[in-house]
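Data block below; observations after.
All values below come from the heavy atoms of this structure, side chains included, with hydrogens, waters and symmetry mates left out.
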Amino acid sequence: WAAAIRAAELPGGVRFDTVAVNVGPPEPAIDGPGCQALFQGLLSRGTILFDSGKASIDQDSASILDALAAAAARCGSSEIEISGHTDSTGGADANMDLSLRRAGAVVDYLAGAGLKRERLEPKGYGETRPRATNDTEDGKAANRRIEFTVK
């Protein structure tokens with residue numbers, strides 16, 4: 001596929017003579033508890049971001065989503081709930097809808113990365129499961145999240 005990259009597509013002054021791609025063996029499969037721990041570890045270091053008030057994923061979230069997709073690929077045939085959560089800003093019905101649409105956007109991304117859609121279940125919880133108070137901006141930010149639960 002290196003031939004598909006033409007010099008005209010590269011930024012000014014950039015060129016290459018050789019492209020090497022090294023592919024290692026696939027990561028070993030892990031069980032449900034190991035998979036859950038892997039998801040929690042990844043999500044503790046990064047956040048899936050969305051455009052404000054929308055279900056469109058911010059482009060800066062690609063690296064965390066790619067890491068989550070790679071983790072999910074190691075989980076065998078485990079089913080995974082992708083749950084969306086919001087803060088209390090706005091109405092409860094609107095937040096429930098937004099959280100479901102955001103979870104669905106993550107499922108779409110993961111399915112596009114090669115995971116079987118049948119393994120991925122989007123759920124929206126709106127503002128019903130807060131992690132922190134909605135009285136501060138930090139608390140609201142903590143409540144706006146996507147979680148992964150291995151079933």
Side-chain angles (χ1 to χ4, degrees), residues 1-5 9-10 19-151:
W1 54 261
I5 301 174
E9 297 171 342
L10 298 173
V19 173
V21 176
N22 296 316
V23 178
E27 293 285 333
I30 53 178
D31 63 5
C35 188
Q36 186 67 55
L38 188 55
F39 287 138
Q40 288 174 331
L42 289 168
L43 289 169
S44 72
R45 294 189 300 271
T47 302
I48 301 169
L49 303 172
F50 296 88
D51 295 327
S52 181
K54 299 179 181 177
S56 49
I57 298 172
D58 185 285
Q59 64 184 12
D60 290 340
S61 296
S63 62
I64 184 72
L65 284 165
D66 291 342
L68 290 161
R74 295 181 59 195
C75 297
S77 61
S78 296
E79 293 183 9
I80 303 165
E81 177 182 302
I82 314 295
S83 58
H85 303 268
T86 67
D87 61 31
S88 63
T89 303
D93 290 342
N95 284 336
M96 191 65 73
D97 177 65
L98 179 61
S99 65
L100 178 59
R101 289 187 297 118
R102 286 180 170 180
V106 172
V107 167
D108 290 344
Y109 188 98
L110 297 174
L115 296 173
K116 291 183 180 179
R117 189 176 291 274
E118 305 82 55
R119 293 180 49 212
L120 308 171
E121 179 184 10
K123 289 264 184 132
Y125 292 99
E127 60 192 74
T128 64
R129 296 183 177 183
R131 273 190 185 163
T133 180
N134 279 299
D135 296 333
T136 67
E137 288 306 312
D138 287 343
K140 287 180 179 183
N143 292 333
R144 293 186 301 263
R145 66 195 187 280
I146 294 289
E147 294 179 336
F148 284 54
T149 304
V150 179
K151 295 184 169 195

Non-hydrogen atoms of [X] and [Y] that approach each other most closely:
X    : Y    : answer
A111 : R117 : CB-NH2, 3.5 Å
V150 : S78  : CG1-CB, 3.8 Å
A69  : A113 : CB-CB, 4.0 Å
A103 : G84  : CB-N, 3.8 Å

Do [X] and [Y] have side-chain heavy atoms sitting under 4.5 Å apart?
X    : Y    : answer
I64  : T47  : no
R102 : I57  : no
C75  : F39  : yes
D58  : F50  : no
L43  : L68  : yes
D66  : Y109 : yes
I80  : L110 : no

Rounded distance (nearest 0.5 Å) linking atom [atom1] of [X] with atom [atom2] of [Y]:
X    : Y    : atom1 : atom2 : answer
K140 : D138 : NZ    : CG    : 11.5 Å
I30  : L38  : CD1   : CG    : 4.5 Å
L49  : S61  : CG    : OG    : 4.0 Å
S83  : L100 : OG    : CG    : 11.0 Å
L65  : L42  : CG    : CG    : 10.5 Å
R74  : C35  : CZ    : SG    : 8.5 Å

- Task: Let me know which of K123, R129, Q40, H85 forms a side chain to side chain donor-acceptor pair (under 3.5 Å) with E147.
- Result: H85
Sub-3.5 Å donor-acceptor pair from the side chain of [X] to the main-chain atoms of [Y], do we have one?
X   : Y    : result
Q36 : K151 : no
N95 : E127 : no
S99 : Y125 : yes

- Message: Does either side chain, that of D87 or that of T89, offer a donor lying less than 3.5 Å from an acceptor on the other one?
- Response: yes
- Item | D93 CG: over 12 foreign heavy atoms closer than 6.0 Å | no
